[in-house]
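Along the sequence shown, the residues carry numbers beginning at 1.
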Amino acid sequence: MADTGIVAGALLPGMPHLLAEKPAQCWADLAAAAREVGDRLRRLQPDVVLLLSTQWFTVLGHQFQCDPNPRGEHVDENWYAYDYGELRYDLRFDVPFTERWTDHVNKAGMQARRTRYDGFPIDTGTIVTSALLDPDRELRWAQVSCNLYADAQTLADVGAAGAAAAREAGVRAAVVVVTGMSSGLIQQWIEPHDDHVSDPGHDRWNRRVLDLLTAGKVDEVLKIREDFARQAQADSQFRALAFAAGAGATAGPAQLHAYGPLWGTGGAVLSWNLP
């Protein structure tokens, strides 16, 4: 295991259904898998966790969260009528490390902007993931936004800048990306037990990608990523994987902890190199 730099990675869905009081079995399985990953991540005791959620999206450059303790309540814009639609959060961010990461992104010729103001709208994916991975607020996060218009290589470069910042700071860091697989939502209200991946073709694509990742073939997934995006409406073109790979968080075979539907979309919990 590396003494400094990126030592582990994880990929999780950020749908609020994972926090439902009466979940579908598939939702409960994904939530339990996320909690297991959180237990193992905390056991690793990284100094900081680099975080990218596809639900915090920006259109101009790359924003970095520089509030050390955002807290409040978030009402999800889609699921507000459900028990999992109102989410409280109380997060801890490593601002000195985030500043260092921001500087590395700027030095690489990319636009980076520091964000800090009261009431900043924390996204659902970040809140759900932090609640599942870190219920007792033991971890320190460093978060960058997901630029809607950045190509996969640019996000990989942002991840690489985070890894460089970790090595420079002499810290052990993990990477967490919050993203779905296929994103074909069922376009009607359903009961939890009726959930299923909305399109059999999407399910086949999800399983193909997961088979490659568990075989350690990240480069092959990155090669077919655009086809995955076109054929299965992959969440944010599955660019979050490029970010994690750019940071060096996807070395070796992934461990698949759970896969299943989330209101028609595909969700998976994966990890790399966790104890």
Side-chain angles (χ1 to χ4, degrees), residues 1-12 41 44 46-54 56-66 93-115 126 129 139-179 212-213 216-226 229 234-254 270-274:
M1 182 179 295
D3 293 329
T4 62
I6 304 301
V7 297
L11 181 151
L12 305 95
L41 180 60
L44 184 65
D47 299 302
V48 65
V49 180
L50 280 61
L51 176 64
L52 180 139
S53 167
T54 60
W56 180 22
F57 53 85
T58 51
V59 297
L60 181 61
H62 311 280
Q63 288 185 228
F64 289 81
Q65 179 58 258
C66 289
F93 285 92
D94 185 333
V95 175
F97 177 82
T98 302
E99 294 275 5
R100 186 186 295 269
W101 186 7
T102 306
D103 288 342
H104 274 266
V105 170
N106 275 323
K107 290 175 183 176
M110 296 175 281
Q111 168 104 13
R113 181 169 56 161
R114 294 161 173 83
T115 298
T126 294
T129 298
L139 299 173
R140 296 293 187 276
W141 305 93
Q143 186 174 20
V144 64
S145 66
C146 182
N147 186 295
L148 284 177
Y149 302 115
D151 60 24
Q153 184 57 55
T154 298
L155 287 188
D157 292 342
V158 173
R167 292 191 297 271
E168 180 183 78
V171 301
R172 297 168 66 250
V175 172
V176 170
V177 293
V178 183
T179 183
L212 289 170
L213 292 174
K217 298 178 179 180
V218 173
D219 289 343
E220 288 192 32
V221 175
L222 293 174
K223 288 177 182 177
I224 64 171
R225 181 192 58 79
E226 293 185 1
D235 181 20
S236 196
Q237 299 86 50
F238 214 45
R239 294 174 300 146
L241 181 69
F243 170 87
T250 58
L270 294 156
S271 69
W272 287 266
N273 302 309
L274 285 176

Closest heavy-atom pair and its distance - [X], [Y]:
| X | Y | answer |
| --- | --- | --- |
| Ala174 | Pro46 | N-CB, 4.0 Å |
| Ala166 | Ala173 | CB-CB, 4.0 Å |
| Ala244 | Thr250 | CB-CG2, 3.8 Å |
| Leu222 | Ala245 | CD1-CB, 4.1 Å |
| Asp94 | Pro96 | OD1-CD, 3.3 Å |
| Asp47 | Arg140 | O-CB, 3.9 Å |

Partner set under salt bridge (charged side-chain N to carboxylate O under 4.0 Å, His left out) for Arg113, not counting sequence neighbours: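 Residues passing salt bridge (charged side-chain N to carboxylate O under 4.0 Å, His left out) with Arg113: none at all.
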Value rounded to 0.5 Å, distance of [atom1] in [X] from [atom2] in [Y]:
| X | Y | atom1 | atom2 | result |
| --- | --- | --- | --- | --- |
| Phe57 | Cys146 | CZ | SG | 9.5 Å |
| Glu168 | Phe97 | CD | CZ | 9.5 Å |
| Leu213 | Glu220 | CG | CD | 10.5 Å |
| Arg114 | His62 | CZ | NE2 | 14.0 Å |
| Leu148 | Leu60 | CG | CG | 11.5 Å |
| Gln153 | Leu155 | CD | CG | 9.5 Å |

So, the side chain of [X] versus the backbone of [Y]: is there a donor-acceptor pair under 3.5 Å, distance only?
| X | Y | answer |
| --- | --- | --- |
| Trp272 | Leu11 | no |
| Arg239 | Asn147 | yes |
| Arg225 | Gln237 | yes |
| Asn273 | Gly252 | no |

Working for side-chain contact (heavy atoms from CB on, under 4.5 Å), residues Leu274 and Leu41: CA-CA 6 Å; Leu274 285 176; Leu41 180 60; 4.1 Å; yes
query: Step by step, would you call Thr154 with Asp157 a side-chain hydrogen bond (donor to acceptor under 3.5 Å, both in side chains)?
result: CA-CA 5 Å; Thr154 298; Asp157 292 342; 5.2 Å; no
message: Test side-chain contact (heavy atoms from CB on, under 4.5 Å) on Leu212 and Ile224; report intermediate values, then the result.
response: CA-CA 11 Å; Leu212 289 170; Ile224 64 171; 3.8 Å; yes
message: Can you confirm whether Lys223 is buried at NZ, in the sense that more than 12 heavy atoms of other residues, nucleotides or ligands lie under 6.0 Å from that atom?
response: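 Not buried by this count: 12 neighbours or fewer within 6.0 Å.
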query: Can Ser236 and Thr54 be said to form a side-chain hydrogen bond (donor to acceptor under 3.5 Å, both in side chains), step by step?
result: CA-CA 7 Å; Ser236 196; Thr54 60; 5.6 Å; no
message: Please enumerate all residues that pass ring-ring contact (aromatic ring centres under 6.0 Å, His included) together with Phe243, with sequence neighbours excluded.
response: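 Result, ring-ring contact (aromatic ring centres under 6.0 Å, His included) vs Phe243: none returned.
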- prompt: side chain to side chain contact (heavy atoms under 4.5 Å, CB included) with Gln143: which of Thr115, Val178, Leu51, Leu52?
  reply: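 Among the candidates, only Leu51 passes.
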task: Taking the side chain as every heavy atom from C-beta outward, state whether Gln65 and Trp141 have any atom pair closer than 4.5 Å.
output: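 Result no, sub-4.5 Å side-chain heavy-atom pair not found.
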